[in-house]
Amino acid sequence: MFVGVAYGAAVVLTGALVLLVRRMTAKKPQGKKRSMSFGSKTMANGVFPDPVEAWRTIINTVIYLDNCPSVEAVAKKCRGLMHYDRFRSALSVGSDGCFFTDITDDINVEKDLVRSFEVESEEELREKVDELCSKEMGIGEKVPLFVMIRLHNTGTGKSAVLVRLHHAIGDGMALIGAMTHVFEDVKGNPFSLDVPRNAGGGTNRAFNLSTMWKFVTSTLKIIALPLTPYDSNIAFSTPHRPTISMKDKTRRTVYFPVLNLDFVKELKRRANVTVNDVLLACTAGAIRRYCQMKQDPLFANREAAKKVQVRALMPVAFPRSQAELANPSKAMRNYFAMISVPLPMDKESSQQRLQSCANCTKELKSSPLALIQLLVQNHVLALAPDFLVKKTAHDVFSRHTMVFSNLPGPTEDLVFCGETVTGMQIIFPNLIPQVIIISYHGGVYFNMSLDPELVDGCNELPRLFLEECAEMAESYGLSASHSDMVLQEPQKK
């Protein structure tokens, strides 16, 4: 622990010196530039060290439709997003720092922000999405940080629009707030979604000795996190070593069956847990089953499994007011923290895994861990030089097995460019496997972005996930047939 405290002190001291040098030598910005928070700067400047060759932090949202909208209709949605300052700004990254800069030239939206491709099946559509997600997005003083890509399916199945935007614009919670400028309800009214007010947990609490102790222990945990042991090298995971990178790597999106949200809610009611607990436990169970399928010696018996350490990084978004979300200059921001969550890989039954996840998340919600993580990254790491910030991020990610993110979504039908949205996915290729879940109109849309060369047989994960769901449901007396668990989506005629 002393090493962790010394590490934190070194970060602060080094950062203060670098900040002083920057202020003495930095050139004054030319033209109108807007400063960024630490979170947005990190996304803009790259999260990991250059040798890692990590892909840019691009959020990819796939909007599924029965019919592909016209270029003009999609361009209109692009203009809607440009209501927000960051959607009509470019990114300036230089020796004087990172800034959002106004684009003074006229933007030809149809030409610059809308792309079009044709596919002949839903399988080809998914392959095209993976191909596009691997492409870099141009960054410069005259280039907006987002595009919309039409994927017209000329065969059978759905078409889609892929929205690609730089994470520097904002986090998931901010982008959910921007839905009002992209979607309408079935009556043609702008869609709006209430953003949760209690995100972040542990921020409203009477200050006493117990709370003070939690603040101290949480701070020490956060400082020590980049120095903790690497997760166990299980069959599922990337080998955990200091040289982990994305150099010469590919990413594949593994799509899981769309769960019936009512089924998940009934399961969480019977188990007295949360929807997030159910999904996290099912993910852990699917990974454990995958390792057993691969005859991983770490799961050969109960005693061996007890020694396994597997953790997920979980982003925790912090609340923002309706006034902030309504302000075009303030609505888009990165206001979240990553916390480390143990996955119950040692538990033998799905019910035990669920209760373990529930106990863990309940403890996290009552602790100030996420809040302190946010304070540390915004007020301590923000003072550190870029190389140290990136090294710290790499040290943390390389020690974990996956990233797990679950976003709240619309409960009603959405309309995009005059077409009813039949489903959606959010994809984020990352250094380690990344799960992103979003609920929409009675369905739970779930995918995992991973390296198919390292997770051999990853196409088995959806089946193993459903097996885990079924065992968990049956342990609570809930019917778990395929039709009970999986949402029956309308098909394109």
Side-chain angles (χ1 to χ4, degrees), residues 61-66 122 158 172-173 176 179 183-187 191-199 254-286 289 314 349-358 361-362 365 404-416 420-426 435-448 461-492:
T61 301
V62 188
I63 304 168
Y64 293 100
L65 309 157
D66 282 338
E122 286 193 26
K158 301 173 185 176
M173 198 67 72
I176 286 174
M179 282 185 169
F183 299 106
E184 298 89 33
D185 62 23
V186 292
K187 296 180 180 179
F191 172 78
S192 63
L193 179 71
D194 290 334
V195 177
R197 296 290 187 273
N198 59 348
V254 178
Y255 296 89
F256 287 61
V258 180
L259 291 181
N260 188 325
L261 184 57
D262 287 339
F263 167 82
V264 178
K265 287 183 175 179
E266 178 60 21
L267 178 52
K268 74 103 176 176
R269 186 190 69 80
R270 295 192 183 199
N272 192 28
V273 297
T274 68
V275 167
N276 193 70
D277 294 332
V278 171
L279 298 174
L280 181 61
C282 285
T283 303
R289 290 169 187 265
M314 186 181 296
S349 74
S350 59
Q351 189 174 105
Q352 289 175 330
R353 287 190 281 273
L354 177 57
Q355 291 303 320
S356 179
C357 283
T361 55
K362 183 178 181 180
K365 287 176 183 176
F404 182 90
S405 181
N406 181 18
L407 296 170
T411 58
E412 60 191 76
D413 268 336
L414 297 182
V415 175
F416 178 84
T420 300
V421 176
T422 59
M424 63 177 64
Q425 296 279 356
I426 301 176
V435 167
I436 298 187
I437 304 169
I438 186 168
S439 56
Y440 168 64
H441 192 49
V444 179
Y445 293 81
F446 182 124
N447 73 76
M448 183 184 296
L461 287 169
R463 175 182 63 82
L464 299 172
F465 181 82
L466 279 185
E467 287 181 3
E468 180 75 6
C469 289
E471 180 188 312
M472 187 182 295
E474 289 168 356
S475 72
Y476 288 98
L478 182 61
S479 176
S481 67
H482 189 274
S483 60
D484 290 324
M485 295 188 294
V486 178
L487 185 71
Q488 303 304 306
E489 297 180 89
Q491 299 295 317
K492 181 177 177 180

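The figures that follow rest on heavy atoms only: side chains count, while hydrogens, waters and symmetry mates do not. Remember, it's a predicted structure, so these values are computed and weren't measured experimentally.
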Below 4.5 Å, heavy atoms only, C-beta onward: do F191 and P410 meet side chain to side chain?
-> yes
Look at the rings of F446 and F404 and say which category their plane angle falls in: under 30° parallel, 30 to 60° tilted, over 60° perpendicular.
-> perpendicular
When rounded to the nearest 0.5 angstrom, what distance separates CG in N260 from SG in C469?
-> 11.5 Å
Any chance you could measure Y476, atom OH, to E266, atom CD, to the nearest 0.5 Å?
-> 12.5 Å
Flag the pair V421 / Y64 as yes when at least one side-chain heavy-atom distance between them is below 4.5 Å, and no otherwise.
-> no
Residues two or more places apart in sequence or in another chain: which of them pass side-chain contact (heavy atoms from CB on, under 4.5 Å) with S405?
-> P315, L407, Q434, I436
About how many Å separate OG1 of T61 and CE of M424, when rounded to the nearest 0.5 Å?
-> 8.0 Å
Test item: T361 side-chain N/O and C357 main-chain N/O as donor-acceptor pair under 3.5 Å = yes
Trace of the side-chain contact (heavy atoms from CB on, under 4.5 Å) decision for L414 with Y440 | CA-CA 9 Å; L414 297 182; Y440 168 64; 3.6 Å; yes
side-chain hydrogen bond (donor to acceptor under 3.5 Å, both in side chains) between D413 and T420, intermediate numbers included = CA-CA 7 Å; D413 268 336; T420 300; 5.6 Å; no
Result for side chain to side chain contact (heavy atoms under 4.5 Å, CB included) between F256 and one of V435, L461, V486 points to L461
Would you say the side chain of V278 lies within less than 4.5 Å of the side chain of K265, judging by non-hydrogen atoms?
-> no
Closest non-hydrogen atom pair between P257 and L466, with its separation = CG-CD1, 3.6 Å
Look up atom CD1 in I438 and atom CG in N406, then write down how far apart they are to the nearest 0.5 Å.
-> 9.0 Å
Measure across L354 and A271 and return the closest heavy-atom pair with its distance rounded to 0.1 Å.
-> CD2-CB, 3.6 Å
Taking side chain as C-beta onward, heavy atoms only, is E412 less than 4.5 Å from V186?
-> no
Any side-chain heavy-atom pair from T422 and K158 closer than 4.5 angstrom?
-> yes
The reported gap from CE in M179 to CZ in F416 (rounded to nearest 0.5 angstrom) is 11.5 Å
Got a donor-acceptor contact below 3.5 angstrom from the Q355 side chain to the Q352 backbone?
-> no
Which heavy atom of L261 sits nearest a heavy atom of G443, and at what distance?
-> CB-N, 4.2 Å
Would you say M314 and N276 make side-chain contact, with heavy atoms under 4.5 Å?
-> yes
In short, I176 meets P408 closest at the heavy-atom pair CD1-O, 3.2 Å
Is the closest side-chain heavy-atom distance between T411 and H441 below 4.5 Å?
-> no
Considering non-hydrogen atoms only, spot the tightest contact between T283 and L279 and give its length.
-> OG1-O, 2.7 Å
Shortest non-hydrogen contact between V273 and A358, atoms and distance = CG1-CB, 3.4 Å
M472 side chain reached by L478 side chain, heavy atoms, under 4.5 Å = no
Gap separating the CD1 atom of I437 from the CG atom of L280, nearest 0.5 angstrom | 8.0 Å
For residues 465-484, the salt bridge (charged side-chain N to carboxylate O under 4.0 Å, His left out) pairs (sequence neighbours left out) are R289-E467, R289-E468, R289-E471, R353-E468, R463-E467
